[in-house]
Amino acid sequence: MTYNDDWLAAIISPLLSEGALEPLRAEGDMKGSLWERVIDMRLLPEAEILAALSARCRLPVADLSAATQAALDAVPESLARRHLLIPLQVSDALLEVATSNPFDIGAEQSLAFATGREVRVSLASPPRIRAKLDELYGKERRGSVAELLVGMENVDLTAIEEDVEDLDVAAVEVEASSRPIIKLVDVLLHDGITSRASDIHIESAEAAVLVRYRIDGVLRQAMTIPRKAGIPLISRIKIMSGLDIADRLRPQDGRARVSVGEAPIDLRISTLPAQHGEKVVIRILNTQQTMLSLDSLGLYEDDRDVIKQLLTNKEGVILCTGPTGSGKTTTLYACIKQIQAEGINIVTVEDPVEYRLGKNIVQVQTNEKAGLTFSTALRSILRQDPDIVLVGEIRDLETMQIAIQASLTGHLVLSTLHTNDAPSTVTRLVDMGLEAFKLGASLRGVVAQRLMRRLCPVCRTPMAHADLPARIQPFIPKKATLWKPVGCGQCTQTGYRGRFSIVEILVMSVELERLVGANAMANELAEAAQSEGMRTLFDCAIRHAIEGDTSVDEVLRVTDIPLEGQARTRGLALPQNRPRPKGKGRSAVREPVEPVVELAESTDQLLEDIELVDEGHVETNAPGEGTKATVLLVEDEDQLRRVMRDLLEAEGYLIFEARDGSEAFEQMDRHNPDIVLLDLNLPNVDGFTVLTQLRSRTQTADLPILVVSARGDEDNEVRSLRLGATDFISKPFRPRALAARIEIALQRRRP
């Protein structure tokens with residue numbers, strides 16, 4: 001047997017040891033590629049094969065990124081795929097293409113006949129040409145489902161029937177039970193599962209239906225399906241998951257089980273009505289690949305030991321925090337598996353139940369329509385004499401209060417929460433309305449978590465320190481060996497294969513419990529925890545990069561770089577054209593800034609909703625006088641916030657900014673400002689709510705809060721003052737008058 005590109009053997013044989021190609025040629029396939037087989041077996045890197053072929057044929061190596069739309073329009077997709085080539089450039093007389101077979105004279109003749117141009121050839125590898133073809137022509141694919149399935153292999157996938165109520169599927173049998181649709185769904189699921197996808201996204205666009213796989217946390221387009229097949233495709237998936245196929249106007253959630261070979265796979269299906277039709281997301285819960293153990297999460301040994309020590313507590317609350325998709329549930333399942341034993345009663349309440357954990361563990365699925373919420377289920381669970389309770393997510397104050405009460409009465413409670421890091425979890429719970437002294441007494445630890453992609457060990461290559469971004473260079477030792485992704489057949493040309501967890505573990509101590517009970521801010525908790533040995537998410541990520549597990553680009557994608565002077569604001573670095581504070585907190589000293597002259601004339605052209613009435617020069621501090629105070633500026637309009645920031649910076653104030661109410665609370669905890677300028681019209685959480693919350697907290701009860709709002713009517717002014725506002729300023733305002741009111745409010749607060 002030989003390969004379709006067996007001519008390559010004569011070119012690469014001198015680069016290999018004697019007899020290395022014989023086993024491959026013995027197992028050859030007339031439809032297979034020797035080139036790809038050599039790469040997959042790691043006999044030669046792709047670059048060396050290209051270099052040898054280029055020298056032999058005296059042809060250049062192609063730059064696939066140079067492909068133009070005009071060249072794509074000139075060459076039909078069917079012709080490009082049949083001869084495995086990429087159209088790059090086209091002119092009136094010439095057509096430049098990239099190919100992996102420079103000896104294919106038939107391809108040149110076909111191209112010359114189809115385009116009427118002379119063909120010039122450059123070289124590229126088959127895997128990269130196939131990937132580029134999918135990228136360039138993917139959006140243009142059309143045709144019937146039967147045409148789409150031509151050449152696809154039969155797959156061994158069967159649905160596993162579960163004990164559910166019988167559904168009337170008569171209305172959808174005609175459109176969703178045809179063999180092409182059933183086969184298409186089977187192929188789609190089989191391909192997603194074997195590709196290690198965690199989710200399959202099916203999105204109805206204007207002209208087609210797009211299918212994308214989320215592999216290692218990143219979405220990749222897999223195929224494009226004709227739009228006319230979209231409704232029966234989605235209907236087939238709904239039938240499998242027991243959803244109402246006639247209801248396309250409301251979101252629905254369902255479950256299904258399939259088997260690939262003999263391995264059962266759980267599927268969680270979610271539908272969402274959209275502009276061009278329903279969007280479907282299929283979560284693949286593969287218990288065969290997802291090993292539910294702490295040792296399989298990729299944690300460092302010292303981090304695993306800390307988590308195992310936390311799990312030895314007989315009562316208290318342990319929280320796992322992070323954004324959606326950061327692996328919180330998997331970590332909690334691994335914790336449950338760690339402490340699972342015959343004599344322990346473990347009960348979980350989840351929405352939804354993602355994995356079946358096996359015997360001795362009772363899992364409860366919430367059902368809000370039937371009144372079974374997290375809080376009601378948790379109350380009933382406590383009557384079942386549990387030893388350990390897992391609450392899938394804490395969404396409201398009532399659920400948190402019940403969990404805290406359960407922990408204070410001798411139960412170990414595990415749950416998840418959406419926060420950015422471990423220290424801010426405490427302030428988030430206090431802001432929800434939980435008493436700080438109860439939280440300090442019940443909380444045992446917080447595990448903040450993210451997932452990072454692991455570099456492909458086959459194709460990774462060293463990275464020069466000179467290529468590092470300047471902002472991360474201070475954190476990398478000069479002698480450290482760093483790596484960057486390249487891409488190969490083993491990692492589907494991404495440079496990454498698999499993921500691992502990075503964690504930030506806050507373990508409660510006597511000092512931290514005292515700070516929590518005293519309503520300490522998040523930055524104070526962070527400093528105390530780090531002094532006791534807590535490693536931040538950024539520290540953990542950098543450690544993995546130095547050890548070669550991941551790349552610096554992945555560190556920057558997943559984590560935030562800590563900024564000088566505690567000036568970290570939700571992942572946004574300080575602009576380089578603004579003075580950077582020195583030191584910490586209120587003692588920060590600013591470098592001199594240039595005076596701002598005739599501010600009103602420039603800002604009148606920028607904004608319509610603000611009018612700076614005072615003309616002329618705005619007085620500024622003389623260089624070297626330092627910063628007067630720190631100001632938190634809460635304003636959702638970017639241009640207006642920029643004008644107010646420039647005005648106050650010219651007066652010598654250190655400014656921190658927030659765009660909405662929730663961000664205002666985070667900035668309060670991080671920076672502890674001396675005064676707040678608060679707008680009333682804010683997204684998500686309005687100014688009245690922010691004002692009420694700040695006045696209800698002990699540490700901000702007497703903080704000067706100046707309401708600056710365009711809603712300058714008497715009712716809003718009276719309401720603001722009754723809620724505790726120090727002053728009320730209507731827009732448009734006068735710059736000097738605003739500066740004077742800020743100074744007066746600060747003087748009244750000073751002893």
Side-chain angles (χ1 to χ4, degrees), residues 307 309-322 328-329 331-332 335-336 339 344-351 362 364 366 372-449 505-522 524-525 528-529 665 669 693 696-699:
I307 294 177
Q309 184 63 34
L310 284 175
L311 296 175
T312 61
N313 289 287
K314 303 305 179 185
E315 74 284 327
V317 176
I318 299 174
L319 296 176
C320 188
T321 72
K328 301 185 298 296
T329 302
T331 299
L332 287 187
C335 292
I336 290 294
I339 56 181
I344 299 179
N345 182 14
I346 301 176
V347 185
T348 75
V349 50
E350 307 167 59
D351 182 24
V362 177
V364 179
T366 61
L372 184 60
T373 62
F374 278 108
S375 56
T376 56
L378 191 52
R379 285 195 187 94
S380 300
I381 287 173
L382 295 180
R383 303 189 190 103
Q384 300 287 320
D385 187 29
D387 298 300
I388 298 171
V389 179
L390 188 151
V391 182
E393 181 182 350
I394 293 177
R395 298 179 179 175
D396 50 44
L397 177 61
E398 183 181 10
T399 304
M400 188 66 224
Q401 287 176 334
I402 299 172
I404 292 293
Q405 190 62 36
S407 69
L408 294 175
T409 55
H411 304 86
L412 181 62
V413 180
L414 282 65
S415 188
T416 68
L417 193 66
H418 291 276
T419 58
N420 291 332
D421 52 33
S424 63
T425 301
V426 176
T427 55
R428 167 74 187 281
L429 292 173
V430 173
D431 286 338
M432 288 173 61
L434 189 67
E435 296 89 341
F437 70 92
K438 285 186 178 180
L439 181 60
S442 59
L443 189 62
R444 293 293 174 265
V446 181
V447 180
Q449 177 172 330
I505 307 175
L506 184 149
V507 180
M508 292 300 294
S509 62
V510 176
E511 175 62 17
L512 286 173
E513 184 176 341
R514 183 189 66 80
L515 290 174
V516 172
N519 281 317
M521 294 179 297
E524 297 174 341
L525 294 173
F665 291 126
D669 295 334
Q693 289 287 336
S696 65
R697 296 165 63 173
T698 304
Q699 64 269 31

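Hydrogens, waters and symmetry mates play no part in the numbers below; they use all other heavy atoms, side chains included. Values in this document were obtained by computation on a predicted structure and should not be read as measured data.
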Asks: Answer whether the closest heavy-atom distance between the side chains of C335 and I307 falls below 4.5 Å.
Replies: yes
Asks: So which pairs with a foot in residues 429-443 pass side-chain hydrogen bond (donor to acceptor under 3.5 Å, both in side chains), sequence neighbours left out?
Replies: D431-R697
Asks: Name all residues meeting the side chain to side chain contact (heavy atoms under 4.5 Å, CB included) criterion together with S380; count only those two or more places apart in sequence or in a different chain, and write none if there are none.
Replies: R383
Asks: T427: which residues meet the side chain to side chain contact (heavy atoms under 4.5 Å, CB included) condition with it, sequence neighbours left out?
Replies: S424, A522, D669
Asks: Indicate every side-chain donor-acceptor pair of residues 385-396 with a distance under 3.5 Å to a residue at least two apart or in another chain.
Replies:
residue: D387; atom: OD2; partner: N345; partner atom: N; Å: 2.7
residue: E393; atom: OE1; partner: R395; partner atom: NE; Å: 3.4
residue: E393; atom: OE2; partner: H418; partner atom: NE2; Å: 3.3
residue: R395; atom: NH2; partner: D351; partner atom: OD2; Å: 3.4
residue: D396; atom: OD1; partner: E398; partner atom: N; Å: 3.4
residue: D396; atom: OD1; partner: T399; partner atom: N; Å: 2.8
residue: D396; atom: OD1; partner: T399; partner atom: OG1; Å: 2.7

Asks: So, for E524 and L515, which heavy atoms are closest and what is the spacing to 0.1 Å?
Replies: O-CD1, 4.2 Å
Asks: For the residue pair L512 and V507, what are the closest heavy atoms and their distance?
Replies: CD1-O, 3.3 Å
Asks: Side chains of R444 and V317, heavy atoms from C-beta outward: is any pair under 4.5 Å?
Replies: no
Asks: Salt bridge (Lys or Arg N to Asp or Glu O under 4.0 Å) with R428: which residues, sequence neighbours excluded?
Replies: none
Asks: Which pair of non-hydrogen atoms, one from V413 and one from S407, has the smallest distance, and what is that distance?
Replies: CG2-N, 4.2 Å
Asks: Sequence neighbours left out, what passes side chain to side chain donor-acceptor pair (under 3.5 Å) with T419? Give chain and number order.
Replies: T321, T425
Asks: Tell me every residue that passes side chain to side chain donor-acceptor pair (under 3.5 Å) with S415, counting only those two or more places apart in sequence or in another chain.
Replies: none
Asks: What's the verdict on side chain to side chain contact (heavy atoms under 4.5 Å, CB included) for V430 and L439, showing C-alpha distance, side-chain angles and the deciding distance?
Replies: CA-CA 8 Å; V430 173; L439 181 60; 4.2 Å; yes
Asks: Side chains of I381 and T348, heavy atoms from C-beta outward: is any pair under 4.5 Å?
Replies: no
Asks: Any idea which heavy atoms bring L372 and A377 closest together, and the distance?
Replies: CD1-CB, 3.7 Å
Asks: Walk me through whether V516 and L443 qualify under side chain to side chain contact (heavy atoms under 4.5 Å, CB included).
Replies: CA-CA 10 Å; V516 172; L443 189 62; 5.7 Å; no
Asks: Looking at residues at least two apart in the chain, or sitting in another chain, which of them share a side chain to side chain contact (heavy atoms under 4.5 Å, CB included) with A422?
Replies: V446, A448, E504, L506
Asks: In chain order, what residues pass the side chain to side chain contact (heavy atoms under 4.5 Å, CB included) check against Q309, with sequence neighbours excluded?
Replies: T312
Asks: Can you list the steps and then say if Q401 with L434 is a side chain to side chain contact (heavy atoms under 4.5 Å, CB included)?
Replies: CA-CA 7 Å; Q401 287 176 334; L434 189 67; 4.0 Å; yes
Asks: With sequence neighbours left out, write down each residue that passes salt bridge (Lys or Arg N to Asp or Glu O under 4.0 Å) with E511, or none if nothing qualifies.
Replies: R514
Asks: Determine, step by step, whether T373 and T366 satisfy the side chain to side chain contact (heavy atoms under 4.5 Å, CB included) criterion, reporting the C-alpha distance in whole Å, the side-chain angles of both residues, the deciding distance to 0.1 Å, and the verdict.
Replies: CA-CA 5 Å; T373 62; T366 61; 6.0 Å; no
Asks: Could I get the full list of side chain to side chain donor-acceptor pair (under 3.5 Å) partners for S509, not counting sequence neighbours?
Replies: E532
Asks: Test of understanding: with side chain to side chain donor-acceptor pair (under 3.5 Å), list the residues that count as partners of T416, not counting sequence neighbours.
Replies: none
